[in-house]
Asks: 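The structure is given below, and queries will be raised subsequently.
Only a predicted model underlies this, so the values are computations on that prediction, with no experimental measurement involved.
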Amino acid sequence: PCEEAAGHGDASPPNPPRLGAFLAESQQVVDLQAYWTARQGSEHAWLGSLLDLLDAEAAGMNLARELLDDWKASAVPAAAFALADVQLLSPIPRPRSIRDCLAFEAHLQNATATMVRWRSRTAGLIDRTMRRWLRRPLVGIPAVWYERPIYYKSNPGSVVGPEADIVWPGYTERLDYELEFGVYIGRRGKDIAAEAAADYIAGYAIFNDFSARDIQAREMQGRLGPAKSKDFDTGNAIGPYLVTPDELPDPHNLEMTARVNGEVGSAGNSRDMHFSFAQIVAYISQDETLYPGDFIGSGTVGSGCGLELDRWIQPGDVIELEVAGLGILRNRIVRKAAAAD
């Protein structure tokens with residue numbers, strides 16, 4: 001499923017955002033509400049948006065599947081549009097919440113090494129020497145990281161989708177991309193067992209958690225955060241689709257790639273997550289209710305951002321994140337003046 005907005009061409013979909021089902025084989029988007037209305041003569045409350053559909057839990061997803069199967073059999077032309085003729089939004093333009101984890105050990109190791117070099121050239125040299133000869137870093141990973149999934153809460157009001165411009169915050173000199181993916185919750189639940197967590201996952205999507213690294217390095221010294229290093233308009237790109245679990249047999253064996261202006265900048269695999277999404281959902285739901293439309297990110301795959309490589313993006317760059325089975329999430333970085341134009 002995906003959210004679609006205004007398109008172009010002779011058969012443009014309507015301007016308000018609509019709930020669509022993407023068919024990869026034909027590169028079409030089926031407007032589920034339009035198809036329902038063509039059959040029934042009135043709209044269905046569950047088909048108003050992807051969030052409405054998820055609120056109906058299993059019954060909503062079953063309805064969407066039945067409609068899509070029926071459309072394939074009848075192929076009502078008025079309910080389908082070429083992908084090129086629609087503008088995709090984030091699957092849920094405003095999730096109920098965003099939690100982002102730190103589930104990849106290599107990312108934390110690499111990011112810490114960069115931070116050590118920033119703090120002191122001498123410390124950086126010692127760190128490199130220790131890694132080479134002793135096979136351990138100067139600053140290790142805290143034991144608590146291995147004990148439980150660490151996460152922070154982000155701003156659901158700053159979400160954008162594929163092809164959206166990311167506006168460079170005026171207070172940073174080092175903006176960074178992050179190669180991640182995540183899950184949407186599709187069923188209300190609390191104290192969810194890891195063995196049952198799969199039943200609460202509605203689907204998967206690519207996530208680019210843009211970060212102001214110079215600000216993050218400063219504010220995390222206060223032992224709280226992150227805050228303004230993560231919280232700025234357009235800072236959370238999610239999309240292009242919600243891919244349901246039946247379309248993604250093994251979410252923990254996905255090739256992940258980031259390209260900057262067409263050149264590969266980062267690559268990894270989701271198999272390296274220290275905690276599975278089932279474990280993460282179980283941990284977060286302890287004495288706390290999860291709701292349909294909540295989004296949970298994996299955190300950055302190892303070598304999946306500029307901080308780890310000490311390599312930095314610039315205004316005008318185009319960032320593409322590709323995760324096997326989940327599509328490509330493409331965004332352009334712009335300064336405020338360019339965004340206003």
Side-chain angles (χ1 to χ4, degrees), residues 50-51 53-55 57-58 60-61 90-105 107-108 111 141-159 178-209 211 216 220 223-227 229-231 235-239 242-245 248 250-252 254 256 270-301 304 323 326:
L50 182 52
L51 187 55
L53 191 73
L54 294 185
D55 277 339
E57 300 192 356
M61 295 300 286
S90 185
I92 299 179
R94 178 167 285 193
R96 285 211 162 91
S97 70
I98 298 177
R99 299 172 177 87
D100 195 19
C101 297
L102 183 58
F104 289 93
E105 182 182 34
H107 168 67
L108 185 53
I141 295 177
V144 67
W145 184 87
Y146 296 97
E147 298 168 1
R148 63 193 68 198
I150 303 298
Y151 69 94
Y152 77 96
K153 292 183 177 180
S154 190
N155 180 4
S158 65
V159 171
E178 299 201 48
L179 176 55
E180 308 186 27
F181 76 122
V183 298
Y184 285 102
I185 297 299
R187 178 180 165 193
R188 179 171 174 166
K190 178 179 178 181
D191 294 321
I192 300 166
E195 296 76 16
D199 294 335
Y200 291 80
I201 294 175
Y204 300 82
I206 302 172
F207 183 32
N208 197 336
D209 167 35
S211 302
Q216 184 177 11
M220 294 294 284
R223 301 189 182 183
L224 188 64
S229 57
K230 304 279 190 177
D231 284 349
N236 291 312
I238 306 176
L242 178 154
V243 177
T244 52
L248 201 70
D250 186 2
H252 296 294
L254 304 176
M256 305 172 68
S270 64
R271 73 167 69 94
D272 295 327
M273 288 178 68
H274 185 74
F275 294 99
S276 69
F277 276 117
Q279 293 170 308
I280 290 168
V281 168
Y283 177 73
I284 293 175
S285 70
Q286 294 178 67
D287 291 290
E288 182 177 8
T289 303
L290 298 182
Y291 294 91
D294 286 346
F295 183 80
I296 303 172
S298 64
T300 307
V301 70
V323 178
L326 301 183

Asks: Let me confirm one number: the CE-CG distance from Met273 to Leu102, rounded to the nearest 0.5 Å.
Replies: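 Rounded to the nearest 0.5 Å, the CE-CG separation comes out at 10.5 Å.
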
Asks: Just by distance, do the side chain of Ser285 and the backbone of Ile192 share a donor-acceptor pair under 3.5 Å?
Replies: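 Yes, the answer is positive, given that a donor and an acceptor are paired below the 3.5 Å cut-off.
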
Asks: How close do Pro95 and Phe295 get, counting heavy atoms only, and between which atoms?
Replies: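 For Pro95 versus Phe295, the nearest heavy atoms are CB-CB, 4.4 Å.
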
Asks: Measure across Leu53 and Gly60 and return the closest heavy-atom pair with its distance rounded to 0.1 Å.
Replies: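 Nearest heavy atoms, Leu53 then Gly60: CD1-O, 3.2 Å.
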
Asks: Asp231 and Ser158: side-chain contact (heavy atoms from CB on, under 4.5 Å), yes or no, with the steps?
Replies: CA-CA 8 Å; Asp231 284 349; Ser158 65; 5.7 Å; no

Asks: For the atom pair CE (Met61) and OG1 (Thr244), what is the distance rounded to the nearest 0.5 Å?
Replies: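 The distance works out to 5.5 Å.
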
Asks: Does the side-chain contact (heavy atoms from CB on, under 4.5 Å) test come out yes or no for His107 and Glu180, once each step is laid out?
Replies: CA-CA 11 Å; His107 168 67; Glu180 308 186 27; over 6 Å; no

Asks: For Leu290 and Arg99, which heavy atoms make the closest approach, and how far apart are they?
Replies: CD2-NH1, 3.7 Å

Asks: Using atom types as modelled and distance alone, determine if a side-chain donor or acceptor of Glu57 lies under 3.5 Å from a backbone N or O of Arg188.
Replies: yes

Asks: If you compare all heavy atoms of Ala205 against all heavy atoms of Tyr184, which two are closest, and at what distance to 0.1 Å?
Replies: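 For Ala205 versus Tyr184, the nearest heavy atoms are CB-CE1, 3.9 Å.
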
Asks: Where do Leu51 and Arg96 land on the side-chain contact (heavy atoms from CB on, under 4.5 Å) test, with the steps shown first?
Replies: CA-CA 9 Å; Leu51 187 55; Arg96 285 211 162 91; 3.4 Å; yes

Asks: Taking Glu178's backbone N and O only, do any of them form a donor-acceptor pair with Thr300's side chain (distance below 3.5 Å, no angle check)?
Replies: no

Asks: Scan side-chain atoms only and decide if Asp100 and Ser154 contain a donor-acceptor pair under the 3.5 Å cut-off.
Replies: no

Asks: For a quick check under 3.5 Å, do Lys190 and Thr289 share a side-chain donor-acceptor pair by atom type?
Replies: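 No - no donor-acceptor pair under 3.5 Å links their side chains.
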
Asks: Can you find a side-chain donor-acceptor pair between Ser229 and Gln216 that sits under 3.5 Å?
Replies: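 No.
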
Asks: Is Tyr152 close to Asp209 at the side-chain level, that is, under 4.5 Å between some pair of heavy atoms?
Replies: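 SC-SC contact between Asp209 and Tyr152 confirmed.
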
Asks: I need the minimum non-hydrogen distance between Leu54 and Gly293, along with the two atoms involved.
Replies: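 So the two residues come closest at CD1-N, 4.0 Å.
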
Asks: Mark yes or no for whether Ser97, through its side chain, and Asp294, through its backbone, hold a donor-acceptor pair below 3.5 Å.
Replies: no

Asks: Please round to the nearest 0.5 Å and tell me the distance separating atom CG of Leu242 and atom OH of Tyr204.
Replies: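 Reported value, rounded in 0.5 Å steps: 10.0 Å.
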
Asks: Could you walk me through whether Asn236 and Phe207 pass the side-chain contact (heavy atoms from CB on, under 4.5 Å) test, one step at a time?
Replies: CA-CA 7 Å; Asn236 291 312; Phe207 183 32; 3.6 Å; yes

Asks: For a quick test of reading the model, state the closest non-hydrogen atom pair linking Trp145 to Leu108 and the distance between them.
Replies: CD1-CD2, 3.7 Å

Asks: How many angstroms lie between CZ in Phe275 and CZ in Arg148, if you round to the nearest 0.5 Å?
Replies: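 If we round to the nearest 0.5 Å, Phe275:CZ and Arg148:CZ are 9.0 Å apart.
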
